[in-house]
Q: 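Encoded as structure tokens, here's the structure I'll be asking about.
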Amino acid sequence: MSLRDIGVGRGPWDGAAADDAIAGVADAVELDIRRRLGELDVREVLRCAVGAMAHYVDLQFKARTRGRGSLAAAREAQLHAENAAVGHLILELAARQSVDGRRRDPSQRDLEALSILARELWQWRTVADRVAVRLVTVASARLTKRGTFEVEVRDRPPFRASQFDDAYVRRMADADPTRGAADYAFLHALAQSLKNGAELPDDLGDIDTALKADRGYGLRDLFAAQEFLIEVSGADDDSTTGYRFSSRERLDSVVRANSEQLLPHANPDGVVEACRHMIWTQELLQASPVQMFKYRESPGRLYSRPIVELADRSLFVPRNAPGLARVVLLQRVLEGTWPEHLSSQDLTLQRALKLRRERVRPVAGFEAELESILATTGLPYKAGIDPSRPGRPSEVLGVPIRAEIDAVVVAPHARIIWVLEAKDLAVPFSARRIRSEVEKYRRPDGHVAKLLSKVEDVATNPIVVAARLGMPDGAQTFTVRGLFVTRELSPAAYLDDRVHDFVTIDRLPGFLLDRLGC
């Protein structure tokens with residue numbers, strides 16, 4: 001191992017020393033992988049890595065589609081995703097190596113060692129990122145005789161990272177990337193425009209125009225380029241690992257020769273330009289740290305640039321990578337964002353995406369969805385309650401209200417009045433984003449404090465509030481509690497000292513009715 005080169009010694013490490021050492025452990029593993037790759041013909045390593053990655057992506061897809069709603073299938077899919085990440089890491093590190101044809105072919109033992117070390121790198125870099133933002137702590141770490149590390153990772157209270165991770169895997173069992181009927185209609189209209197030349201959906205016109213202005217290709221051209229890459233890389237053939245182009249010029253000529261057959265309504269020049277923008281260039285690879293540990297702030301990654309450029313300027317398209325890039329692009333465009341960091345040359349595109357975000361993700365839209373779901377429960381409720389005038393009771397609730405309340409719901413048999421706060425948040429993936437979301441709730445003027453203030457207002461006279469919501473028996477006593485309703489899982493739900501309950505909006509009716517004992 002390369003521990004001395006990193007300057008952390010050989011361990012073992014305990015307590016605070018283990019927290020300090022984990023980033024060095026990850027760096028040492030990465031350095032060891034790079035040194036091993038420096039001895040090998042990286043083209044063969046690349047072929048094996050992308051083959052493994054494509055294989056596990058296939059298995060992940062099968063597990064998720066076979067076991068919709070099954071926790072066991074979700075855990076299996078997560079395992080396959082981790083194995084695919086190992087292949088991804090080797091691919092990315094191999095692509096950074098020179099290709100000179102003088103290195104030896106990798107043996108089976110070489111490939112196994114790379115796989116083991118890549119898994120170590122993925123694990124300990126993830127842990128190091130979480131340690132850095134105080135999500136977890138490392139109790140101990142030691143180097144084993146096998147050349148791997150034994151690391152004990154613990155939750156760092158009050159946040160329970162392990163519980164959040166487990167809940168996220170359970171959530172995968174029935175996750176849907178779309179946001180409702182509007183998204184299904186959007187995707188259908190987009191598919192029709194690609195197949196038969198129909199106009200793009202109205203709210204995509206600005207993005208299409210912006211892409212043409214900033215990059216020289218439109219949305220149709222981009223999706224046509226992705227379709228070409230999916231086909232050429234062997235999407236339906238698990239005996240292949242992908243496709244290699246000898247040069248950018250060869251890529252251009254093959255695109256032009258096939259664009260008419262794939263999507264005739266796209267502009268061949270635009271498709272060529274879109275492919276050029278999907279090359280993960282050597283300049284991006286060499287100038288950046290390992291990108292699979294980054295999120296959308298990355299200037300380039302495999303799931304935005306599925307054409308990998310090697311040091312000899314040949315290009316390789318891993319099987320499944322273009323398909324995953326298309327899924328990511330659709331999800332991002334749906335919400336008005338982009339799969340990677342946009343440059344200063346993309347100002348028109350940035351403005352167009354901002355306009356779409358304002359249209360599809362307004363706070364009022366999620367609050368309206370919350371109200372429509374509450375209406376299906378049959379429970380007494382009021383939504384969108386404005387603050388009352390100072391010192392005066394609310395006309396809706398009958399008690400003074402200092403701030404707008406998204407909804408108030410009475411659960412009669414449980415004798416609970418729920419004060420609901422709607423938060424339309426995306427799933428935070430990176431450690432930094434998880435920490436940011438937790439702090440939004442915990443800071444003195446954060447979400448928890450604001451909801452507590454609303455609960456206190458309602459709790460000044462719960463009997464009056466219940467009567468205003470239509471409860472006939474004024475003699476009942478009620479407990480007033482706060483409830484955060486979120487689009488996706490919130491890390492703040494996994495804090496030891498949480499004050500309010502949490503539920504995702506798809507499970508809100510079941511949550512409320514279960515509390516009724518139904």
Side-chain angles (χ1 to χ4, degrees), residues 1-6 8 10-11 24-60 79-126 141-151 233-234 238-244 280 282 285-286 288-293 302 306 308-321:
M1 301 301 292
S2 307
L3 292 167
R4 288 197 178 91
D5 295 332
I6 301 301
V8 296
R10 291 180 59 87
V25 165
D27 290 343
V29 174
E30 181 176 338
L31 181 58
D32 200 22
I33 294 173
R34 290 175 182 271
R35 285 177 172 172
R36 289 172 183 264
L37 288 171
E39 301 172 358
L40 305 174
D41 182 342
V42 295
R43 287 169 295 196
E44 181 61 19
V45 173
L46 184 73
R47 187 189 67 79
C48 294
V50 299
M53 186 179 68
H55 172 68
Y56 286 114
V57 168
D58 287 341
L59 293 180
Q60 180 189 10
L79 176 62
H80 295 319
E82 293 171 5
N83 288 331
V86 171
H88 182 168
L89 259 179
I90 298 172
L91 177 156
E92 181 173 345
L93 291 171
R96 296 162 185 258
Q97 298 290 319
S98 63
V99 180
D100 56 20
R102 292 175 294 179
R103 303 176 184 184
R104 65 180 176 84
D105 289 337
S107 66
Q108 188 61 37
R109 177 172 289 187
D110 289 323
L111 296 173
E112 289 173 356
L114 288 171
S115 179
I116 291 169
L117 290 170
R119 181 172 294 277
E120 293 275 293
L121 175 56
W122 177 81
Q123 288 179 311
W124 310 138
R125 181 74 71 215
T126 301
R142 69 182 185 89
L143 179 62
T144 70
K145 292 181 179 179
R146 190 187 182 203
T148 59
F149 289 89
E150 185 178 277
V151 179
S233 64
D238 60 9
S239 67
T240 67
T241 59
Y243 190 87
R244 179 178 174 272
W280 201 1
Q282 276 293 304
L285 282 163
Q286 300 295 346
S288 305
V290 178
Q291 293 300 289
M292 78 160 295
F293 298 116
L302 187 63
V308 182
E309 184 176 55
L310 301 185
D312 64 357
R313 301 300 174 176
S314 64
L315 307 174
F316 193 87
V317 187
R319 186 172 68 84
N320 281 339

Q: Walk me through it: do L302 and E92 pass the test side chain to side chain contact (heavy atoms under 4.5 Å, CB included)?
A: CA-CA 8 Å; L302 187 63; E92 181 173 345; over 6 Å; no
Q: So which heavy atom on A54 is nearest to which on N320, and how close?
A: O-ND2, 3.0 Å
Q: Is R47 paired with E44 through a side-chain N to carboxylate O contact shorter than 4.0 Å?
A: yes
Q: Let's go through L91 and L46 carefully: what are the C-alpha distance in whole Å and the side-chain angles of both, what is the deciding distance for side chain to side chain contact (heavy atoms under 4.5 Å, CB included) to 0.1 Å, and is it a yes or a no?
A: CA-CA 5 Å; L91 177 156; L46 184 73; 3.7 Å; yes
Q: Decide yes or no for L121 and D32: does some side-chain heavy atom of the first lie under 4.5 Å from some side-chain heavy atom of the second?
A: no
Q: Donor-acceptor pair, distance only, cut-off 3.5 Å: does the side chain of E120 make one with the backbone of F149?
A: yes
Q: Does the Q286 side chain pair with the main chain of R96, one donor and one acceptor, at a distance under 3.5 Å?
A: yes
Q: With the side chain counted from C-beta on, respond yes when R36 and L117 share a heavy-atom pair under 4.5 Å apart, and no when they do not.
A: yes
Q: Minimum heavy-atom separation for A311 and V99, please, with both atom names.
A: CB-N, 4.0 Å
Q: Check for a donor-acceptor pair, side chain of E309 on one end and backbone N or O of Q282 on the other, with a separation under 3.5 Å.
A: yes
Q: Within the structure provided, determine whether R103 and S98 are in side-chain contact (heavy-atom separation under 4.5 Å).
A: yes
Q: Give a yes or no answer on whether the side chain of S115 reaches the backbone of L111 with a donor-acceptor pair at less than 3.5 Å.
A: no
Q: Between R43 and L310, is a side chain to side chain contact (heavy atoms under 4.5 Å, CB included) present by the stated rule, with each step listed?
A: CA-CA 9 Å; R43 287 169 295 196; L310 301 185; 4.3 Å; yes
Q: Side-chain contact, heavy-atom cut-off 4.5 Å: R125 with D27?
A: yes
Q: Counting distance only, does the side-chain N/O of R34 pair as donor-acceptor with the main-chain N or O of L93 below 3.5 Å?
A: no
Q: For G51 and T241, which heavy atoms make the closest approach, and how far apart are they?
A: CA-CG2, 3.5 Å
Q: Under the side-chain hydrogen bond (donor to acceptor under 3.5 Å, both in side chains) rule, what do T148 and R119 come out as? Steps first, then yes or no, please.
A: CA-CA 10 Å; T148 59; R119 181 172 294 277; over 6 Å; no
Q: Quick one, I116 with R146, criterion side chain to side chain contact (heavy atoms under 4.5 Å, CB included). Give me CA distance, side-chain angles, the key distance, then yes/no.
A: CA-CA 10 Å; I116 291 169; R146 190 187 182 203; 3.2 Å; yes
Q: Counting heavy atoms not belonging to R104, are there more than 12 under 6.0 Å from its CZ?
A: yes
Q: When you measure from the side chain of D110 to the backbone of S107, do you find a donor-acceptor pair of N or O atoms at a distance under 3.5 Å?
A: yes
Q: Is any side-chain heavy atom of D238 less than 4.5 Å from a side-chain heavy atom of R319?
A: yes
